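Report on the following structure.
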Amino acid sequence: MRAMRLHHPGDSLSLDHIPRPQPRAGEMRVRVLACGVCRTDLHVVDGDLAKPKLPVIPGHEIVGLVDALGDGVTGFNHGDMVGVPWLGWTCGECEDCGAGRENLCAQAEFTGYTRDGGYAEYTVADARYCFPVSGYVPEAAAPLLCAGLIGYRAWRMAGGEGPRRIGIYGFGAAAHILAQVAVARGQQVYAFTRPGDTSAQGFALRLGAVWAGGADDTPPKRLDAAILFAPVGDLVPTALAHVRPGGRVVSGGIHMSDIPSFPYRLLWEERSLHSVANLTRQDGEEFLALAPTIPVRTETRPYPLEQANQALDDLRHGRFTGAAVLIP
């Protein structure tokens with residue numbers, strides 16, 4: 001099969017021809033129909049995330065058809081459309097797994113990072129960590145598998161339907177999905193983009209945001225909660241300054257530049273700061289059932305598999321709105 005692989009962090013991906021993977025017990029092979037390009041993939045390729053499997057096939061927003069079943073797999077059949085997310089395996093035995101916090105399992109394995117992912121024609125996944133996908137064509141569904149799931153988890157951590165005014169910093173793939181959820185629930189979305197990015201601001205307004213501006217702008221009203229998708233540590237004290245007393249700031253990224261020191265008064269008055277780590281299968285089941293009912297519509301830009309490096313570079317420089325998706 002063809003696969004785009006990372007051999008050394010910091011290098012471009014190479015188009016390699018390698019044998020199709022074979023599923024082991026409990027796994028299934030998926031013929032990839034679409035794979036989203038996520039900012040986490042950039043962090044893997046750029047070396048921001050330490051100790052990836054090398055060489056590794058990135059990609060963890062995978063939608064495809066079940067192609068082969070390993071021993072013991074139940075609940076899926078050959079030809080089923082499934083999604084493969086970032087969380088690829090957990091031990092199931094540690095204290096966190098036992099308490100429903102499998103996203104914090106110290107032995108967890110991650111698709112496209114410590115397990116091969118979906119920048120390829122085929123991938124193998126643990127069947128326990130795959131989701132049935134329906135109601136979407138593959139290209140439209142792919143961004144739901146991470147941008148959607150992480151956005152949903154961040155939204156729930158920010159208070160779910162509770163906050164009236166929600167600020168979203170970094171209006172990319174996750175934000176354009178989450179904004180639709182929030183608007184559908186009657187919440188007011190305040191979108192913060194790179195300064196001067198009028199294209200992204202217009203995109204946010206088209207999706208129902210009540211206000212859009214640069215990350216260095218002050219919103220017209222105090223926020224009840226803020227969610228950060230931009231991996232910029234400087235935005236943490238900025239967001240804290242814009243939420244009301246008792247408000248909450250949630251960081252939805254897996255990597256962020258260092259957070260600068262800031263005066264205690266920004267945290268005082270019972271403001272809180274939280275991070276989101278990975279996802280759980282419950283997140284996936286809930287969100288993939290919710291998305292078609294809104295319905296969430298993803299805006300995608302397709303690239304052929306061999307143009308994965310171009311897609312990553314376009315993501316890095318903000319050359320598109322919505323989400324990039326590789327089509328093998």
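Excluded from the calculations below are hydrogen atoms, water molecules and symmetry mates; all remaining heavy atoms, backbone and side chain alike, are included. Not measured: the values here are computed from a predicted model.
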Side-chain ([X]) to main-chain ([Y]) donor-acceptor, under 3.5 angstrom:
X	Y	value
Asn309	Leu13	yes
Lys51	Lys53	no
Thr123	Gly117	yes
Gln180	Arg297	yes
Arg248	Met157	yes
Arg29	Pro21	yes
Glu61	Ala147	yes

Tell me whether the count of non-hydrogen atoms from other residues, nucleotides or ligands lying under 6.0 Å of [atom1] in [X] goes above 12.
X	atom1	result
Arg24	CZ	no
Arg31	CZ	no
Lys221	NZ	no
Arg164	CZ	no
His7	NE2	yes
Glu306	CD	yes

So which atom in [X] and which in [Y] form the shortest heavy-atom distance, rounded to 0.1 Å?
X	Y	value
Leu305	Leu326	CD1-CD1, 4.2 Å
Asp11	Leu6	O-CD1, 3.6 Å
Ala182	Val189	CB-CG2, 3.7 Å
Pro143	Thr300	CG-CG2, 3.9 Å
Tyr169	Ala239	OH-CA, 3.7 Å
Pro328	Ala120	CG-O, 3.5 Å

Subject >> Any residue meeting side chain to side chain donor-acceptor pair (under 3.5 Å) with Glu299, in chain and number order, not counting sequence neighbours >> reply: Thr321

Would a 4.5 Å heavy-atom cut-off, applied to side chains only, mark [X] and [Y] as touching?
X	Y	value
Tyr129	Thr90	yes
Trp155	Glu161	yes
Asn77	Val66	no
Ser12	Leu312	no
Val82	Val133	no
Phe110	His60	no
Asp314	Tyr303	yes
Met81	Val63	yes

Establish whether [X] and [Y] are linked, either directly or via other cluster members, by ILVMFWY side-chain heavy-atom contacts under 4.5 Å.
X	Y	result
Ile18	Tyr119	yes
Leu315	Leu144	yes
Val124	Val30	no
Ile57	Met28	no
Leu104	Ile254	no

**OP:** Could you check Asn278 against Trp86 for side chain to side chain contact (heavy atoms under 4.5 Å, CB included), going step by step and ending with a plain yes or no?
**Re:** CA-CA 7 Å; Asn278 314 314; Trp86 169 249; 2.9 Å; yes

Original post:
For the ring pair Phe192 and Trp211, is the centre-to-centre distance below 6.0 Å?
Top reply: yes

Subject >> Test: Asp46 and Arg316 ion pair at under 4.0 Å >> reply: yes

Subject >> Basic-acidic side-chain contact under 4.0 Å: Asp116, Arg5 >> reply: no

Roughly how far apart are [X] [atom1] and [Y] [atom2], rounded to 0.5 Å?
X	Y	atom1	atom2	value
Asp217	His242	CG	NE2	8.5 Å
Leu149	Leu87	CG	CG	10.5 Å
Ile259	Asp234	CD1	CG	9.5 Å
His8	Ser14	NE2	OG	9.5 Å
Leu240	Phe262	CG	CZ	5.5 Å
Leu266	Arg271	CG	CZ	7.5 Å

**OP:** Mind running side chain to side chain contact (heavy atoms under 4.5 Å, CB included) on Arg2 and His17 for me, showing each step along the way?
**Re:** CA-CA 5 Å; Arg2 295 178 303 138; His17 290 79; 3.6 Å; yes

Original post:
Run the salt bridge (charged side-chain N to carboxylate O under 4.0 Å, His left out) check on Asp126 and Arg115 step by step: do they pass?
Top reply: CA-CA 10 Å; Asp126 187 319; Arg115 299 172 63 96; 5.5 Å; no

Original post:
For the residue pair Phe287 and Tyr152, does the interplanar ring angle fall in the parallel (under 30°), tilted (30 to 60°) or perpendicular (over 60°) class?
Top reply: tilted

Original post:
For the side-chain hydrogen bond (donor to acceptor under 3.5 Å, both in side chains) test, which of Arg244, Gln188, Gln187 pairs with Asp224?
Top reply: Arg244

Original post:
Yes or no on side chain to side chain contact (heavy atoms under 4.5 Å, CB included) for Gln310 and Arg319, after CA distance, side-chain angles and deciding distance?
Top reply: CA-CA 11 Å; Gln310 183 64 57; Arg319 296 189 184 115; 3.9 Å; yes

**OP:** Kindly indicate, with the supporting measurements, whether the criterion side chain to side chain contact (heavy atoms under 4.5 Å, CB included) is fulfilled by Arg153 and Thr280.
**Re:** CA-CA 9 Å; Arg153 186 172 181 84; Thr280 66; 3.8 Å; yes

Original post:
Glu102 and Arg128: salt bridge (charged side-chain N to carboxylate O under 4.0 Å, His left out), yes or no, with the steps?
Top reply: CA-CA 12 Å; Glu102 62 185 6; Arg128 299 173 301 162; over 6 Å; no

Original post:
Given the rule in the side-chain hydrogen bond (donor to acceptor under 3.5 Å, both in side chains) test, do Gln201 and Asp197 qualify, once you have shown the distances and angles that lead to the verdict?
Top reply: CA-CA 6 Å; Gln201 291 164 20; Asp197 191 347; over 6 Å; no

